[in-house]
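Chain letters run A, B, ... following the sequence lines, proteins first, then strands; residues in each count from 1.
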Amino acid sequence: MSRPTRYVEHVMGLPISLALRGRHTDDAAARAAWVEVMGVLREVDRVFSTYRADSAISRLGRGEVGLEGCPPEVAEVLALGATAERESGGAFSVRLPAAGGGTVLDPSGVVKGWAVDRAAAPIRDLADTDFCLSAGGDLTCRTLDAAGAPWRIGVEDPADPGRVLAVVPVFTGAVATSGTTHRGQHLVDARTARPPSGVASVTVVAGSLTWADIDATAAYAHGPEAAHWLETRPGRSGLVVWDDGTTTVVAPVLQTADRHP
Amino acid sequence: MTAVRRIVLWLMSTLTVLVLVFGYHTSTSSTSATASASGGSTVLAPVTGGTGTTSSGTGGTSSTATTVTGDAASTRWGPVQVELTIANGTITDVSVVEYPNNNGQDRQINARALPVLVQETLDAQSAHIDMVSGATVTSDGYVGSLQSALDRAGL
């Protein structure tokens, strides 16, 4: 199979990478879909950026506007955040402990995966075309031919980001990784307001990037319990890299214990 | 066709396979994920005979594929049922036909998307990867990242 056609742009402070293979890779339809993808992501950034004082989420956080005064996507994202908080036993929250006490509204842990799932819609509409769309290391992909080749997703080694620790072959689905390699220590366990210990990165494979991203962050927040928590999430597989370099695979492994003949 | 049918029946009569559906095990970073499961919560779904169908009837022996569906196994998450595809006496694919989290998309993903630890950490090129998943790469950190090398290679 020929190499996929690639597109790269930046939005939300993140590199967005798209790989296409199949019928529409470099024609007008493909380029129009890519423009639409970036348009959706820029709009999400305008609404949800905690770095923009005038974003709906910033105004909501300061109490200048109620939920009813925000675009409907805000309620959707906060509902996802509430579900994630419940299902993670509170380790994940969109209300993070603030420096001077209290909490600050920061749904970033929900927004990225959810936004990329939404933004991929115009690419899903490209007939007979496979895609893999990544936002800063979290990605969603599709393969139409079940007998074809899967997308091969490399899991970065948190101790050496120039190298690959594992490979996940994904036909259709999403992969997200949480860790602190590139941005320093910015993830906390919402129950303790402290950075989790013992874990270097968590990679989660799931059906939607929304949930792969949330579960990667939530598992990471569980620190030493990251693998045990992920194991309780049916429909997910994943890889936990501990800070001593050892790894745990959490997966519906699907290997044959005995092979015929 | 007679030859094909005879081969299929022979396969089914001798087929006894256990499929590790849920596994949880710890390994060091250089150990392959195919090491035997040692964790406390593995689920083995038995496939013993089950229901077989041929998906190729063109005769000959080279392109015959058989699918065999096992019995549903009870797990802590609910019933799990697996299906094997066998070609020329070798299991070529395993998929989960009944999955506790009854979601067709997840079922497909998890039948195929096991993270496979590489024996030694590899650079992107020798691992033959399409994309990189890692802790959030910012635009500032993108230059020089593995992903940017992949993107450049494809442009």
Kindly write out the residues that satisfy side-chain hydrogen bond (donor to acceptor under 3.5 Å, both in side chains) with A:Arg46, not counting sequence neighbours, or none if the list is empty. A:Glu43

Of all residues at least two apart in sequence or in a different chain, which pass the side-chain hydrogen bond (donor to acceptor under 3.5 Å, both in side chains) check with A:Asp27?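 Only A:His24 meet the side-chain hydrogen bond (donor to acceptor under 3.5 Å, both in side chains) criterion with A:Asp27.
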
Taking B:Asp130 for the side chain and A:Trp151 for the main chain, is one N or O donor matched with an acceptor at less than 3.5 Å?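 Checking the backbone N and O of A:Trp151 against the side chain of B:Asp130, no donor-acceptor pair under 3.5 Å is found.
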
B:Ser133 (side chain) donor-acceptor with A:Gly137 (main chain) under 3.5 angstrom: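 Checking the backbone N and O of A:Gly137 against the side chain of B:Ser133, a donor-acceptor pair under 3.5 Å is found.
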
Quick check: closest heavy atoms across [X] and [Y], and the distance to 0.1 Å?
X        : Y        : value
B:Ser139 : A:His10  : OG-ND1, 2.7 Å
B:Met131 : A:Leu18  : CE-C, 3.9 Å
A:Ser17  : B:Gln147 : OG-CG, 3.7 Å

Would you mind checking which part of A:Ala176 comes under 4.5 Å of any heavy atom in chain B, side chain (CB onward), backbone (N, CA, C, O), both or neither?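 The answer is the backbone of A:Ala176.
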
So which part of A:Pro150 gets closer than 4.5 Å to some heavy atom of chain B, the side chain, the backbone, both or neither? backbone

Hey, does A:Ile153 have a side-chain heavy atom less than 4.5 Å from the side chain of B:Ile129? no

